Amino acid sequence: MSLAAHALEPAAVGAIVVTPSPRLARLLKQDRALENLRAGNQVWPTPHILPWEAWLEELWEQALYAGLPLPARLDADQELWIWERILATAPEAAELLDLPAAAEAAQHCWALIHAWQLDRREIEAAASEDTRAFLGWACEFEHLSELQAWLEPARRADHLATRLGKLPLPPAVELAGFQELTPQQRAFLAALEQRGARVHVQEEPALTPRQLVRVRFADRPAEIEAAARWARSLLERGEANKVGVLLPDLERLARQVDRIFTRVLEPSAMLPGATTEPRCFNISAAPSLDAQPLVHAALLALELDRARNPLRRICSLLHSSFLGAAETERGARAVLARSLRERGITEISIPALRRTCQQHGCPEMERALARWTAYDEALPGRQRPSTWARDFSRLLEALGWPGERSLSSQERQAWLAWNDVLDRLARLDAVSEPMKRSEALAWLKRLASRKRHQPESELAPVQVLSVNEALGLHFDALWVAGLDEESWPPAPRPDPFLPLALQRRHRLPHCSAEREREVAQRLWQRLLASAPYVVTSWPEQDEDRELGLSPLLRNVPEVTQADLGLSAVPSYAWMPPASAQTEEVKDERGPALEPGVVASGGSRVFQLQALCPFRAFAELRLGAAAVRLFEPGLSRIDRGEAVHAALEAFWRCVASHEQLCARGAEELRSLLVEAIEKALARVRARRDDLPPRLAELERCRLLRLLEKWLEIEKQRPPFRVIECEQRRQIELAGVRAEVRADRIDRLEEDGRELIIDYKTGTCETGAWKPEHFADPQLPLYAVTHNQPVAGLAFAQIKTGDLCFKGLAHSPHLAPGLRPADIPAQLQRWREKLEELGTRFREGHAQVDPLDDDACRRCRMWPLCRVHEAAPAVQENEGE
Ligand code: SF4
């Protein structure tokens with residue numbers, strides 16, 4: 001008989017079943033419902049199954065109804081608030097790096113002392129400096145509690161134990177799934193027995209798995225994927241109705257597990273618009289409430305500030321589905337967000353945002369912001385937490401949160417959980433003074449991040465749990481993953497405030513490696529008893545660390561992955577072809593341009609077609625454009641523009657090598673300062689939010705950089721600068737383009753011209769090889785130039801790496817140039833450029849990047865899906 005069935009028997013005869021966790025209580029209730037349904041029952045009495053804390057809560061309520069005099073009950077949040085106040089005013093406050101974390105640790109230590117009934121004098125006898133500090137805070141806490149007649153959760157069981165005689169008690173109490181009972185729990189249960197209740201701690205029914213194996217994996221993702229495929233194969237073959245997958249470190253890995261299990265067990269959930277429920281698996285590690293999109297949007301909206309808002313926050317809200325009229329104005333808001341990004345600003349005020357909303361056809365958003373502003377202006381500086389909770393709701397209401405579309409079941413549950421968090425904020429009234437808005441919002445965020453939110457779901461056949469949660473459950477088959485030597489047994493984590501010797505003497509949880517080993521051993525035995533078929537596994541590597549096998553698995557026979565009969569689940573990208581008769585059609589060409597139609601896109605036609613034909617088609621024919629990413633401070637583009645503009649201004653004044661060499665250092669410096677000033681003014685015209693201090697730093701940096709660069713220019717033979725940033729129209733292979741040379745120098749020695757391109761990053765002339773034509777801009781200028789060309793050069797103006805790189809008929813034209821047959825080179829480039837232009841006109845659009853670097857610098861991957869194709873190919877090869 002499984003423990004579930006075993007546990008439920010007493011519930012059927014009027015006893016209360018108490019579990020260590022809400023999850024086990026819920027699963028036991030679900031088991032009960034399934035059994036009744038299988039038995040054909042239509043109705044049945046609700047079993048009385050409660051987690052320990054809820055049971056104490058129930059007894060407390062009974063005591064209140066019985067009219068017993070009770071202290072005011074504090075909840076965990078109220079208790080934490082008091083600890084935090086005490087620590088904030090303690091003499092050690094200045095030394096605490098993270099006061100909220102220290103308050104949480106003090107609260108935990110206080111609970112530990114009461115759960116393990118530690119004697120204060122024993123703690124004092126071996127007190128370290130930290131222990132003494134904690135004892136001081138604990139004294140203060142106790143004093144305050146007495147003064148206010150408060151009682152926190154840590155002492156509730158002791159308090160109730162003395163009043164059990166006056167309460168209606170159940171005839172029997174069954175404890176199911178407890179790994180161990182604390183002395184406080186044992187004392188409480190003993191008091192219960194004295195009052196005539198029968199208390200029974202259930203043991204797991206003895207069961208030895210018929211099959212127990214271990215298997216190794218290269219890394220954690222491979223291990224998790226295999227566990228998912230194994231669960232799928234058991235369900236496919238009808239060999240199990242209830243499959244358990246356990247991970248000691250589930251909380252940390254929950255996102256990764258969810259992604260992999262969804263791909264393997266619910267691939268259709270990846271289809272656009274697919275509903276995600278009900279799913280055939282359930283992961284117990286609930287994410288925090290603030291990770292729910294609906295709550296995340298609410299918290300972002302509450303951070304709005306009338307004067308300054310980071311653009312990132314505003315863009316997130318403009319894209320959010322949870323503000324009023326989000327569906328009606330979706331397109332207009334997306335355009336508005338893009339235009340804000342393109343302005344290159346970093347912050348925006350609410351009045352400025354309202355004006356922008358009006359200009360971009362977002363009247364509903366503008367009206368919402370107007371309502372928000374009116375409400376926001378009327379808020380006082382300080383008020384009670386409950387009033388802040390009410391005002392936060394009204395501010396959100398003004399913005400139309402939670403949106404105009406109807407919420408999914410998951411979103412509705414998140415909305416209910418959010419209301420619960422607001423209630424918890426309001427309950428701080430009982431212990432706190434009026435607080436500032438920023439303080440109330442910080443608490444609200446903290447409460448939302450501490451609240452684990454697990455939407456209710458139907459009983460799924462595959463349960464992914466942490467090891468402790470599986471105690472008391474029974475499965476048809478069980479996989480325990482992550483059993484490497486670091487995770488199982490886990491490393492000890494003694495309490496930071498209690499003396500270590502005392503913790504070891506009383507065998508407190510996590511106090512020593514020996515205790516962790518014993519607990520792991522006990523858990524291990526109980527897990528083996530929870531399924532007839534148990535697979536265990538461990539990864540040999542986690543990121544860059546080698547991992548060994550847990551010592552608990554040494555005697556378990558090892559098998560290979562092939563022995564497990566894993567379901568061959570292809571990735572979603574390959575599923576439709578595998579499941580239907582298909583015909584392969586290569587679709588790598590768009591429509592060709594009509595004869596006589598001139599291709600638009602300028603010189604980028606040649607560059608993008610060389611880097612990747614698909615990118616050229618997507619950007620220049622389809623008009624696809626990546627949203628500009630926000631960069632605080634000066635972007636690479638800003639810095640590049642400043643260098644170009646400063647050198648242009650300088651060479652317009654100093655027009656030749658002779659003039660450069662004739663001027664003294666001071667004169668050159670003042671000319672550079674003037675040129676840099678003009679350049680920064682040009683940048684500032686676009687970036688009106690540029691802080692003056694940052695502009696000053698850039699001014700100094702440019703001056704140092706360009707002074708060094710002029711020293712290199714002086715080493716060249718005489719030249720005259722004949723063009724700076726000169727643009728002209730060209731046409732090649734039916735593509736009309738505007739080309740621009742950063743600078744053209746005419747050589748005094750033979751009148752030929754050197755074409756120069758400034759680069760502020762590292763550049764290589766390898767990018768001009770026709771067979772690897774990554775940067776055809778300068779060759780394009782050269783082949784269409786109507787004067788004799790002496791060479792082409794990159795001027796690499798990069799801090800710490802200043803140099804010329806290029807090709808010239810003679811290397812002495814500038815240090816760093818290499819000799820080349822320029823006319824022959826021009827001919828090869830012309831042929832290559834004509835080929836690129838022709839292929840662009842013909843609509844060639846293969847996903848064919850020049851190299852990995854081309855993809856790294858491109859943001860068209862959501863359209864070309866090149867990354868999706870790569871893993872699928874690897875997966876196929878693996879199979
Ligand atoms: S990401 Fe790579 S393959 Fe995709 S369009 Fe860009 S360059 Fe081409």
Side-chain angles (χ1 to χ4, degrees), residues 259 263 270-272 334 338 341-342 570-577 584-593 599-631 635-637 640 732-733 735 737 757 759-780 794 829 832-878:
R259 212 169 38 244
R263 178 159 53 78
M270 297 168 73
L271 286 169
R338 196 184 67 187
R341 282 194 173 104
E342 281 168 357
S571 79
Y572 173 71
W574 292 91
M575 284 184 81
E584 193 173 324
V585 179
K586 275 206 183 282
D587 184 18
E588 298 180 333
R589 268 171 90 148
L593 288 175
S600 58
S603 62
R604 278 173 64 77
V605 165
F606 301 96
Q607 178 158 32
L608 298 190
Q609 191 74 19
L611 287 173
C612 174
F614 182 84
R615 182 174 175 191
F617 189 80
E619 289 194 20
L620 304 176
R621 298 280 304 275
L622 301 181
V627 173
R628 186 174 157 178
L629 291 180
F630 162 75
E631 278 183 77
S635 68
R636 255 182 334 109
I637 296 174
L732 191 73
V735 178
D757 194 22
K759 296 278 183 194
T760 49
T762 307
C763 51
E764 295 301 335
T765 53
W768 294 338
K769 286 184 185 158
E771 63 277 14
H772 193 90
F773 215 28
D775 191 355
Q777 304 264 19
L778 215 48
L780 179 62
F794 284 136
W829 282 333
K832 181 69 187 175
L833 288 163
E834 280 178 346
E835 181 196 322
L836 289 171
T838 306
R839 289 178 73 80
F840 178 80
R841 288 192 60 84
E842 288 172 354
H844 286 270
Q846 302 93 318
V847 177
D848 184 17
L850 190 66
D851 51 23
D852 288 351
D853 207 40
C855 287
R856 260 196 299 278
R857 291 161 189 266
C858 171
R859 295 183 51 213
M860 288 297 122
W861 46 265
L863 288 181
C864 73
R865 292 155 58 194
V866 67
H867 299 99
E868 207 175 284
V873 170
Q874 282 164 14
E875 203 168 306
N876 271 6
E877 283 167 0

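The analysis underlying the following values was restricted to heavy atoms, covering all of them including side chains, and did not include hydrogens, waters or symmetry mates. Ligands are counted one by one from 1 in listed order, and the atoms in each one are counted from 1 as well. Heads up: numbering here begins at 1 and tracks the sequence. Quick caveat, the model's predicted, so the values are computed rather than measured.
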Inset, instruction - If the plane angle is over 60° it's perpendicular, under 30° parallel, otherwise tilted; pick one for W829 and W768. - result: perpendicular

Legend entry - Expected output: side-chain R621 to main-chain P591 donor-acceptor under 3.5 Å: yes

Legend entry - Atoms of ligand 1, numbered as shown, that sit under 4.0 Å from any heavy atom of F614: 5 (S)

Legend entry - Protein heavy atom at shortest distance from atom 2 (Fe) of ligand 1: C855 SG, 2.3 Å

Inset, instruction - Note the single closest protein heavy atom to atom 7 (S) of ligand 1, along with its residue, its atom name and the distance in Å. - result: C612 CB, 3.5 Å

Inset, instruction - Please indicate whether R589 has more than 12 foreign heavy atoms, meaning atoms of other residues, nucleotides or ligands, lying under 6.0 Å from its CZ. - result: yes

Legend entry - Ionic contact status for R856 with D852, cut-off 4.0 Å: no

Inset, instruction - With heavy atoms of M860 as the reference, note each atom of ligand 1 found under 4.0 Å away. - result: 5 (S)

Inset, instruction - Taking only Lys NZ, Arg NE, NH1 and NH2, and the carboxylate oxygens of Asp or Glu, determine whether K759 and D775 approach each other closer than 4.0 Å. - result: yes

Legend entry - Closest approach of any protein heavy atom to atom 6 (Fe) of ligand 1, naming residue and atom: C858 SG, 2.4 Å

Legend entry - Close approach, V847 and ligand 1, non-hydrogen under 4.0 angstrom: yes

Legend entry - Per-atom contacts of ligand 1 with C864, taking only distances under 4.0 Å to non-hydrogen atoms: 1 (S), 3 (S), 4 (Fe), 5 (S)

Legend entry - Of Q609, Q777, E619, the residue whose pairing with R604 passes side-chain hydrogen bond (donor to acceptor under 3.5 Å, both in side chains): E619

